[in-house]
There are 2 protein chains.
Amino acid sequence: MTVQSGRRERKKAATRQKIADTALRLFLERGYDAVGIRDVAAEADVAVTTLFSHFASKEALVFEQDEDFEQRLTRAVTGRAPHEPLIPALRREVLALVRHCTADSAAPVWRMIDTSPALRKYEESVRMRHADALATAIAADPGPTRSETAARAIARFVIDAYSLAREAADPQAALDEIFPMIEAAWQVTSPSANDPGPATVLD
Amino acid sequence: MTVQSGRRERKKAATRQKIADTALRLFLERGYDAVGIRDVAAEADVAVTTLFSHFASKEALVFEQDEDFEQRLTRAVTGRAPHEPLIPALRREVLALVRHCTADSAAPVWRMIDTSPALRKYEESVRMRHADALATAIAADPGPTRSETAARAIARFVIDAYSLAREAADPQAALDEIFPMIEAAWQVTSPSANDPGPATVLD
DNA sequence: AATCTAACACTAACAGTTAGTGTTTTATAA
DNA sequence: TTATAAAACACTAACTGTTAGTGTTAGATT
């Protein structure tokens with residue numbers, strides 16, 4: 001099994017992209033519920049089974065790039081500058097992600113998501129996956145070690161911040177309010193939390 | 001339209017309960033995925049459409065009492081003793097709820113939920129509803145007023161605590177770790193948070 | 001050139017869910 | 001009591017997302 005020489009992979013990626021593009025276009029034109037899987041498959045000129053070999057579900061057609069999202073989050077932790085504090089790094093990345101979602105170009109898609117119960121539900125499960133991945137990254141972070149429970153809790157809080165900010169009228173203001181809360185929660189898990197001296201802000 | 005004199009309501013509740021009991025029994029006997037809606041309806045001796053007039057979905061059959069859950073949470077806020085601090089009251093209730101879920105009698109049901117993707121996903125959306133209800137209760141709480149954003153964030157954190165504790169090997173220990181984090185996050189939203197003096201613990 | 005594999009296609013079906021329609025039961029008004 | 005309205009229930013038939021089973025084709029490997 002050597003490396004694939006490309007054409008096959010390119011064709012596969014092209015088919016996948018064509019399906020995703022077609023789906024999104026139809027969903028935005030006629031509404032998510034009004035478009036059936038068979039419509040998407042026909043318009044993309046593939047069989048229904050082919051569609052499902054590229055996407056696990058109808059909802060997954062809309063969240064095509066959620067792996068990017070997850071990678072950006074975990075890399076904000078694992079790839080940050082040495083000794084850079086964790087929470088501010090996450091804050092920066094979450095802000096960037098929220099800006100990305102609330103940009104004008106993405107607005108119609110998110111309006112569609114917010115008005116479809118099926119899509120909202122699906123997004124919640126996607127967020128859970130992201131929270132788990134983030135928790136793993138945080139737990140593996142060097143420096144003063146916190147418990148796994150603390151890591152998982154902070155990861156959820158960060159995902160909550162993203163979710164609340166995305167829905168807020170003023171995302172930046174929401175983050176400005178929530179992230180100090182997260183910072184305080186994080187400080188309290190510090191190994192030196194029992195130290196009566198001034199709180200350390202080193203991470 | 002006067003008050004219903006009972007018989008009709010009792011019959012309706014009985015039908016609903018019979019459906020729920022039958023469903024849970026079959027699910028536990030044969031596995032959630034192996035039991036179809038038509039099986040449940042037949043065994044409960046009702047029509048499929050009747051089943052769906054009592055429950056919105058197959059998953060809802062399993063989360064029959066989720067409104068109780070929501071009420072207990074919101075009442076832990078709205079019905080607590082005057083001047084009782086918010087977070088400890090929530091901690092007590094969450095601990096009771098987690099104990100309830102992890103009790104031996106409920107264990108098989110939760111094992112079923114944890115192993116079925118469809119049920120896990122559904123539970124996530126139920127938790128979101130609970131978080132929203134809790135946020136409303138917190139926002140309406142008298143005393144030092146916090147912003148709506150802060151209320152929503154704390155509500156999510158509390159639901160996260162419940163969820164993480166329920167899955168943890170030692171639920172009590174998990175709550176002992178997470179609730180101080182929530183308390184710290186809550187303190188930071190206090191109107192006197194900018195006060196350089198000692199932190200108030202009054203609510 | 002021979003061959004192996006992965007992507008794709010097609011049919012048919014299954015499972016959850018709903019629309020449409022009609023029947024029975026219950027509560028209340030006359 | 002009887003008449004009437006409303007709610008619960010039943011039945012059929014369909015729609016929609018999803019999958020199993022089975023080939024077929026195009027690309028990669030030898």
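Lettering of chains follows the sequences in order, A, B, ..., and the numbering in each one begins at 1. FYI, side chains are in, hydrogens and waters are out, and symmetry mates aren't considered; it's all heavy atoms of this structure.
Both Val48(A) and Arg16(B) lie near DNA chain D, and the one whose nearest nucleotide falls closer to the 5' end is Arg16(B). Along DNA chain D, the nucleotide nearest Asp33(A) and the nucleotide nearest Lys12(B) are compared for position; the residue whose nucleotide lies closer to the 5' end is Lys12(B). Between Thr49(A) and Ala56(B), the residue anchored closer to the 5' end of DNA chain C is Thr49(A), taking for each the nucleotide with the nearest heavy atom.
For the pair Arg10(A) CZ and dA7(C) P, the computed distance is 15 Å after rounding to whole Å. The distance from atom CZ of Arg38(A) to atom C1' of dT16(D) is 6 Å, rounded to the nearest whole Å. Residue Glu9(A) contributes atom CD, which lies 12 Å from atom P of dC8(C) at whole-angstrom precision. Lys58(B) places its NZ atom 15 Å from the P atom of dT18(D), with the value rounded to the nearest Å. Atom-to-atom, CD1 of Ile37(A) to C1' of dT19(D) comes out at 13 Å; the value is rounded to the nearest Å. Between the P atom of dA15(C) and the CZ atom of Phe55(B) lies a distance of 21 Å, rounded to the nearest Å. As rounded to whole Å, 17 Å separates atom C1' of dA8(D) from atom CD of Gln17(B). Rounding to whole angstrom units, CG of residue Leu51(A) and P of dT19(D) are separated by 11 Å.
Across all strands, Asp45(A) comes closer than 4.0 Å only to sugar-phosphate atoms, never to a base (heavy-atom distances). Using a 4.0 Å heavy-atom distance criterion, Val46(B) is classed as a sugar-phosphate-only contact. Residue contacts for Val35(A): at a heavy-atom cut-off of 4.0 Å it reaches the sugar-phosphate backbone alone, with no base atom in range.
For Phe52(A), taking side-chain heavy atoms from C-beta onward, the closest of the listed nucleotides dA9(C), dT18(D), dT17(C) is dT18(D).
Counting heavy-atom neighbours within 6.0 Å of Arg75(A) CZ, excluding the residue itself, gives a total of 12 or less. In the displayed structure, Gln172(B) atom CD is contacted under 6.0 Å by more than 12 heavy atoms of other residues, nucleotides or ligands. The neighbour count for Glu64(A) CD, taken as heavy atoms of other residues, nucleotides or ligands under 6.0 Å away, is above 12.
In this structure, His54(B) reaches the dC9(D) phosphate: one of its side-chain N or O atoms is under 4.0 Å from OP1 or OP2. Under 4.0 angstrom from either OP1 or OP2 of dA7(C) there lies no side-chain N or O belonging to Thr50(A). Phosphate proximity of dT26(C) to Lys11(B): present, with a side-chain N or O under 4.0 Å from OP1 or OP2.
For Glu183(A) and Gln187(A), the side-chain atoms include at least one donor-acceptor pair closer than 3.5 Å.
Under a 3.5 Å cut-off, the side chain of Thr78(B) and the backbone N or O of Thr74(B) do form a donor-acceptor pair.
Residue-to-nucleotide contacts include no donor-acceptor pair under 3.5 Å from the side chain of Thr15(B) to the base of dC9(D).
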